[in-house]
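In this text, all values refer to a predicted model and were calculated from it rather than measured experimentally.
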Amino acid sequence: MSAQPLPFVIMTKPIGPRCNIDCTYCYYLEKEKLYPSEKKFRMSDVVLETYIRQLIETSVEAGMREVPFAWQGGEPTMLGVDYFRKIVELQNKYKPPGIAISNAFQTNGTLLDDNWGAFLRDNQFLVGISVDGPKKLHDRYRIDRAGRPTFDAVMRGLDVLQRFEVEHNALCTVHRANGGKGKEVYTFLKGLGIEYLQFIPIAERNGTDGLASAPQVDMDPGNSITEWSVSPRAYGKFLCDIFDTWFRKDIGKVSVQYFDVQLGLWLDGRSSLCIFSETCGNGLALEHDGSLYSCDHYVYPEYRLGGILDTPLRDMLWTDRQANFGLDKREGLTAQCQSCSFRFACNGGCPKHRFATARNGEAGHNYFCESYMMFFQHAGKRMQEMARLVAQGLPAAQAASRKRPGTAIGIATQA
């Protein structure tokens, strides 16, 4: 261990990539190829207890007063409620006095029932449920393994969460089918009574099962991008359309993760989300066998840091290797990014999307650059005004009651 201990979060895959549905665009199902002889894809009792103990110990060492557990898959509900009861028991066993434990849980919602509802409520789990909009849009790519739609089952799962008053949010992927329908998707999700929304754009390259082997594409990629990927222009319009509706009616009522993060960046240049941070490396992934990877989107052999049964978490987290992984985000910016007046609000975006070419032909530019520029130019002045109000201790919603300012062009780069 050579780097300074820093706060971190680990996306934990207790069932690995196994899932009961077969979303067309899922990037994680392919991870089964990493374990060709695996049959069960279930985190063993030994790995589970070792991980819970080490995560608590290492979080405390980093000065964290709350230990965040983030359970994902695949589909974690396939493990059953009793598996997660055991998780809570182990957390209580190893939790020292004065330290809080939190559990976040991402699910497709199709297997939720009243037993799940009672457990999630009683143990104060925060649940993210995946919904891609109204039935027709949701069912375009979110299908089960027999090719059948999943919308109705997801709505039954959402009903469980709401009847049992489980804290929840919606994770909506933005793809080719819903990318031009931002207002419709936002209005639908809000109409479901969901007050916390995340929008995740889908962009995957054709002809690759890894990162290094994929070709660079230009900003009009055509056949280089999968048919379900959202275009940069469509995603930019999606963000702008949602922002206009949210700004007029819902500031302080509905939390949209993208807007919340952007407000923080316009306020003081700090991001609560790794995608828009200047550097990254503090959001890792743990597979079911105890293998730790540099990032949830870099679960490939070359990014495996080790296994918790052989190497303590602390000796994998705060290393020069992982620090350099995070610094590469900043050091790998194209010249176009480095000279951009909106760099403070984007920082080049997520490295996984840096497969486009810049205006001068330089490789490694972010595929969603056009999307972000559309949003910054459309909403920047209003973001700036909200940030000014918040800095004065006033509600950001006051910005919506004032005369709408013009678009923001040429905002000075923030250090």
K.L.:
Less than 6.0 Å separating the ring centroids of F119 and F105?
P.N.:
no
K.L.:
Supply the atom-to-atom distance I15 CD1 to W71 CH2, rounded to the nearest 0.5 angstrom.
P.N.:
13.0 Å
K.L.:
Please name the residue in the list D152, N20, T150 that meets the side-chain hydrogen bond (donor to acceptor under 3.5 Å, both in side chains) test with T110.
P.N.:
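Of the listed residues D152, N20, T150, the side-chain hydrogen bond (donor to acceptor under 3.5 Å, both in side chains) partner of T110 is N20.
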K.L.:
We want to know whether Y94 and E57 form a side-chain donor-acceptor pair, criterion being a heavy-atom distance below 3.5 angstrom.
P.N.:
no
K.L.:
Restricting to non-hydrogen atoms, name the atom on I129 and the atom on G157 that form the minimum distance, rounded to 0.1 Å.
P.N.:
CD1-C, 4.2 Å
K.L.:
To the nearest 0.5 Å, what is the distance between OG on S231 and NZ on K237?
P.N.:
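Atom-to-atom, S231:OG and K237:NZ are 11.0 Å apart.
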K.L.:
Using 0.5 Å steps for rounding, measure from the CZ atom of R176 to the CD1 atom of I202.
P.N.:
12.0 Å
K.L.:
Please report the shortest heavy-atom distance between N347 and K329, naming the atom on each side.
P.N.:
O-NZ, 3.3 Å
K.L.:
Can you give me the closest heavy-atom contact between D132 and H175, atom names plus distance?
P.N.:
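For D132 and H175, the tightest heavy-atom pair comes out as OD2-NE2, 3.1 Å.
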K.L.:
I need the minimum non-hydrogen distance between F69 and L55, along with the two atoms involved.
P.N.:
CE2-CD2, 3.3 Å
K.L.:
Nearest 0.5 Å, please: how far is CD in E287 from CE in M11?
P.N.:
14.0 Å
K.L.:
Quick check: does any side chain N or O of D241 sit under 3.5 Å from a backbone N or O of F238, one acting as donor and the other as acceptor?
P.N.:
no
K.L.:
Quickly, which of K40, R18, K39 forms a salt bridge (charged side-chain N to carboxylate O under 4.0 Å, His left out) with E32? Name it, please.
P.N.:
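Checked K40, R18, K39 against E32; only one passes salt bridge (charged side-chain N to carboxylate O under 4.0 Å, His left out): R18.
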K.L.:
Might you work through the side-chain contact (heavy atoms from CB on, under 4.5 Å) test for D296 and Y27, ending with a clear yes or no?
P.N.:
CA-CA 10 Å; D296 184 46; Y27 72 94; 2.5 Å; yes
K.L.:
Quick one, Y235 with F375, criterion ring-ring contact (aromatic ring centres under 6.0 Å, His included). Give me CA distance, side-chain angles, the key distance, then yes/no.
P.N.:
CA-CA 9 Å; Y235 182 52; F375 178 79; 9.4 Å; no
K.L.:
Using the six-membered ring of F247, assess whether NZ or CZ of R382 lies under 6.0 Å from its centre and within 45 degrees of the ring axis.
P.N.:
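So R382 does make the cation-pi contact.
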K.L.:
Between atom CD of Q262 and atom CZ of F376, what is the distance when rounded to the nearest 0.5 Å?
P.N.:
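Going from the CD atom of Q262 to the CZ atom of F376 covers 4.5 Å.
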K.L.:
Is it true that atom NZ of K86 has more than 12 heavy atoms of other residues, nucleotides or ligands lying nearer than 6.0 Å?
P.N.:
yes
K.L.:
Take a 6.0 Å sphere around CZ of R233 and say whether it holds more than 12 heavy atoms from other residues, nucleotides or ligands.
P.N.:
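No, the 6.0 Å shell around CZ holds no more than 12 heavy atoms from other groups.
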K.L.:
Identify the residue among F125, F84, F164 that makes a ring pair (Phe, Tyr, Trp, His ring centres under 6.0 Å) with W116.
P.N.:
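Of the listed residues F125, F84, F164, the ring pair (Phe, Tyr, Trp, His ring centres under 6.0 Å) partner of W116 is F84.
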K.L.:
Under 6.0 Å between ring centres: does that hold for Y186 and W246?
P.N.:
no
K.L.:
With salt bridge (charged side-chain N to carboxylate O under 4.0 Å, His left out) as the criterion, how do E61 and R314 come out once you've worked through the C-alpha distance, each side chain's angles and the decisive distance to 0.1 Å?
P.N.:
CA-CA 9 Å; E61 184 177 345; R314 62 170 61 88; 2.8 Å; yes
K.L.:
Here's a test for you: under side-chain hydrogen bond (donor to acceptor under 3.5 Å, both in side chains), which of K31, K13, E38 qualifies with H288?
P.N.:
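Result for side-chain hydrogen bond (donor to acceptor under 3.5 Å, both in side chains) with H288: E38.
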K.L.:
Parallel, tilted or perpendicular: which describes the rings of W266 and F342, with under 30° parallel and over 60° perpendicular?
P.N.:
tilted
K.L.:
Ignoring hydrogens, what is the shortest heavy-atom contact between E66 and S102? Give both atom names and the distance.
P.N.:
OE2-OG, 3.1 Å
K.L.:
After noting the C-alpha distance and the side-chain angles of E184 and T187, does the key distance pass the side-chain contact (heavy atoms from CB on, under 4.5 Å) rule?
P.N.:
CA-CA 5 Å; E184 178 183 349; T187 302; over 6 Å; no
K.L.:
Which atom names give the shortest non-hydrogen contact between L112 and T77, and what distance separates them?
P.N.:
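That would be CD2-CG2, 4.0 Å.
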K.L.:
Could you go through the side-chain contact (heavy atoms from CB on, under 4.5 Å) check for Q124 and N103 one step at a time?
P.N.:
CA-CA 7 Å; Q124 298 180 314; N103 285 285; over 6 Å; no
K.L.:
Might you confirm whether atom NZ of K181 has over 12 heavy atoms from other residues, nucleotides or ligands at distances under 6.0 Å?
P.N.:
no
K.L.:
Test the K136-F151 pair against the cation-pi criterion, namely NZ or CZ under 6.0 angstrom from the six-membered ring centroid and within 45° of the ring axis.
P.N.:
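Here K136 fails the 6.0 Å and 45° test against F151.
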K.L.:
Tell me, yes or no, whether the heavy-atom count around Q392 atom CD, taken from other residues, nucleotides or ligands under 6.0 Å, exceeds 12.
P.N.:
yes
K.L.:
Please report the interatomic distance NE2(H297) to SG(C280), rounded to the nearest 0.5 Å.
P.N.:
11.0 Å
K.L.:
Specify whether F368 and Y372 have parallel, tilted or perpendicular ring planes, treating 30° as the upper limit for parallel and 60° as the lower limit for perpendicular.
P.N.:
tilted
K.L.:
Any chance OH of Y83 has more than 12 other-residue heavy atoms, nucleotides or ligands included, within less than 6.0 Å?
P.N.:
yes
